[in-house]
Amino acid sequence: MSGWRSLAYGAARPLLFRLDSERIHRLTLHALRAAGDRALGRALLRVAAGAPTGQSPWVELAGLEFRNRVGLGAGFDKDAMALRAWAGLGLGFVEVGTVTPGPQPGNRRPRLFRLPRDGGLVNRMGFNNAGAVALARRVMLARRHLPRRFVVGVNIGRGRHTPLERAADDYLGCARLVRPVADYLAINVSSPNTPGLRELQDRERLVALVRALAEAGAAAGQPRPLLVKLSPDLSGSDVAALATSAVQAGAAGVILANSTTRRDGLVSPEARESGGLSGAPLLPTTLAAVRRAREALGREAVIVASGGIGSAEAVAAAYDAGADLVQLWTGLVYAGPGLIGDAVRAHPVR
């Protein structure tokens with residue numbers, strides 16, 4: 001990372017980390033939204049991120065044109081509050097959500113914890129969001145202000161109190177509401193923070209869900225690429241099998257992976273908190289899952305590496321493992337916005 005950006009964020013981070021994790025996250029989103037609404041603010045964001053000044057090599061995947069391969073992972077901007085800011089920071093795409101058909105508050109606070117000695121976060125947010133209607137409206141209003149080839153994906157999930165046997169109704173309802181404004185849909189069947197959700201990774205259930213969403217999109221005249229977000233806690237063989245089944249059922253690819261319930265080798269006392277772990281400890285698992293999925297899927301399906309991407313070196317490793325796209329999240333908390341510019345400059349060698 002460029003020296004002055006690293007030093008500036010390194011100086012600010014101890015002050016930021018004194019505040020409650022969720023509070024500073026919310027304040028950051030409001031600040032980004034305000035900056036993104038103004039030309040000067042967007043210019044300052046681009047400087048802060050160190051985004052390349054020239055045109056980045058764009059790529060076509062799943063029928064979509066991405067202005068670059070680096071995006072924001074789901075969960076950072078659940079309600080699409082700061083789309084213009086994310087574009088101003090130089091990202092190629094953003095995945096908003098996870099969104100449910102109606103609003104829900106999520107789990108009780110505190111529910112987001114930093115693990116500074118491990119470079120990770122533990123969250124048990126529980127799909128807190130303002131609902132699909134509110135999200136769709138924000139994306140629609142932002143669309144005309146977004147640059148060309150800036151892709152907006154929407155991550156959809158099951159409501160906390162929806163029985164497992166009716167889960168497909170939630171996904172279909174969500175998709176119906178957000179499909180008109182989404183470039184792609186991400187199917188979240190792997191969050192550890194909604195009870196029973198991971199049971200949707202059962203092969204038969206997953207295949208039925210992907211087929212239902214693909215058929216509904218086609219019937220509405222609004223087909224959208226579908227990406228399935230899988231758990232990092234699956235075995236390598238299960239990752240390969242489920243990724244293959246999802247693609248055969250109509251998905252364009254997979255996102256690898258969600259947060260993990262494992263705590264191997266962590267030293268931060270906050271690791272004792274329940275919830276999903278993200279950040280640096282997840283990188284080896286992410287790379288292994290990407291390799292297994294690429295071996296199983298060949299070059300036709302899209303693979304997004306999402307988990308532990310916190311440096312240009314991690315981005316390069318993800319590409320080497322077979323990823324087409326990468327997503328940032330926890331890495332931004334620890335490295336700051338300069339990570340975006342570094343990640344965008346780390347092109348795959350193929």
Side-chain angles (χ1 to χ4, degrees), residues 25 28-99 129-156 174-175 177-186 217 222-227 252 255 302 304 306 324-329 332 337-341 343-345:
H25 188 88
T28 298
L29 281 176
H30 284 293
L32 286 170
R33 183 179 185 180
D37 286 343
R38 294 164 177 80
L40 176 60
R42 293 191 297 276
L44 293 173
L45 289 173
R46 193 166 190 85
V47 171
T53 54
Q55 185 68 31
S56 300
W58 62 275
V59 61
E60 183 174 349
L61 296 164
L64 301 175
E65 294 181 351
F66 293 77
R67 67 175 185 166
N68 64 60
R69 296 176 182 265
V70 181
L72 182 75
F76 203 113
D77 191 357
K78 292 174 181 283
D79 295 315
M81 297 285 291
L83 290 179
R84 297 181 72 183
W86 299 121
L89 284 162
L91 291 168
F93 68 105
V94 61
E95 189 173 310
V96 295
T98 297
V99 66
N129 73 101
V133 171
L135 181 140
R137 182 175 183 274
R138 288 197 182 99
V139 177
M140 178 189 67
L141 292 174
R143 273 289 182 188
R144 62 191 177 96
H145 301 291
L146 299 176
R148 186 183 180 205
R149 296 184 176 130
F150 182 77
V151 170
V152 180
V154 180
N155 187 299
I156 58 176
C174 250
L177 293 169
V178 304
R179 194 186 295 117
V181 301
D183 292 311
Y184 73 83
L185 297 178
Q222 297 173 328
R224 298 291 184 267
L226 302 174
L227 299 177
I255 301 171
V302 177
V304 184
S306 182
D324 299 294
L325 303 168
V326 297
Q327 290 180 332
L328 311 178
W329 205 122
L332 290 172
L339 173 61
I340 295 172
V344 171
R345 281 185 284 271

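Quick note: residue numbers are just sequence positions, from 1.
To the nearest 0.5 Å, atoms CG (L61) and CZ (R69) are separated by 6.0 Å. Atom CG of residue L339 and atom CG of residue L328 lie 5.0 Å apart, to the nearest 0.5 angstrom. Note: I340 CD1 to L332 CG = 5.0 Å, rounded to the nearest 0.5 Å. Taking CG of N155 as the start and NZ of K78 as the end, the distance is 8.5 Å to the nearest 0.5 Å. Note that CG of D324 is 12.5 Å distant from CD of E60, once rounded to the nearest 0.5 Å. One finds the CD atom of E95 at 4.0 Å from the CD1 atom of I255 (value rounded to the nearest 0.5 Å).
Proximity of a side-chain donor or acceptor of R84 to a complementary backbone N or O of R33 within less than 3.5 Å is not detected. The backbone N or O of G90 lies less than 3.5 Å from a partner atom in the side chain of N68, making a donor-acceptor pair. R67 places a side-chain N or O within donor-acceptor distance of the main-chain N or O of L91, the cut-off being under 3.5 Å. Remark: side-chain polar atoms of R138 are paired, donor with acceptor, to backbone N or O of D79 under 3.5 angstrom. A donor-acceptor pair under 3.5 Å is absent between the side-chain atoms of R179 and the main chain of R224, judged by distance alone.
Shown here for A252 and P225, the closest heavy-atom pair between the two residues is CB-CB, 4.1 Å. The nearest pair of heavy atoms linking F150 to R143 is O-NH1, 4.1 Å. Pairing each heavy atom of H25 with each of G75, the nearest pair is NE2-O, 4.4 Å. Considering every non-hydrogen atom in both A175 and L185, the closest pair reads CB-CD1, 3.8 Å.
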key: Step-by-step side chain to side chain contact (heavy atoms under 4.5 Å, CB included) determination, I156 to V178   = CA-CA 9 Å; I156 58 176; V178 304; 4.2 Å; yes

request  = Any chance you could lay out the side chain to side chain contact (heavy atoms under 4.5 Å, CB included) test for N129 and T98, step after step, and finish with the verdict?
outcome  = CA-CA 7 Å; N129 73 101; T98 297; over 6 Å; no

inquiry  = Checking L83 against H145 for the side chain to side chain contact (heavy atoms under 4.5 Å, CB included) test, could you report, in this order, the C-alpha distance in whole Å, the side-chain angles of both residues, the deciding distance, and whether it holds?
reply    = CA-CA 9 Å; L83 290 179; H145 301 291; over 6 Å; no

query = Can L177 and V99 be said to form a side chain to side chain contact (heavy atoms under 4.5 Å, CB included), step by step?
reply = CA-CA 11 Å; L177 293 169; V99 66; over 6 Å; no

Would you tabulate the side-chain donor-acceptor contacts of residues 34-43 under 3.5 Å, counting partners in other chains and residues two or more places apart, or write 'none'?
residue: R38; atom: NH1; partner: A34; partner atom: O; Å: 2.9
residue: R42; atom: NH1; partner: G36; partner atom: O; Å: 2.8

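Ring geometry for F76 versus W86: interplanar angle over 60°, hence perpendicular rather than tilted (30 to 60°). Relative ring orientation between F66 and F93 is described as perpendicular, the plane-to-plane angle rising above 60° on a 0-90° scale split at 30° and 60°.
Between D183 and R149, none of the side-chain N atoms (NZ, or NE/NH1/NH2) sits under 4.0 Å from a carboxylate O, so this pair counts as no salt bridge.
The shortest side-chain heavy-atom distance between L89 and L72 does not fall under the 4.5 Å cut-off.
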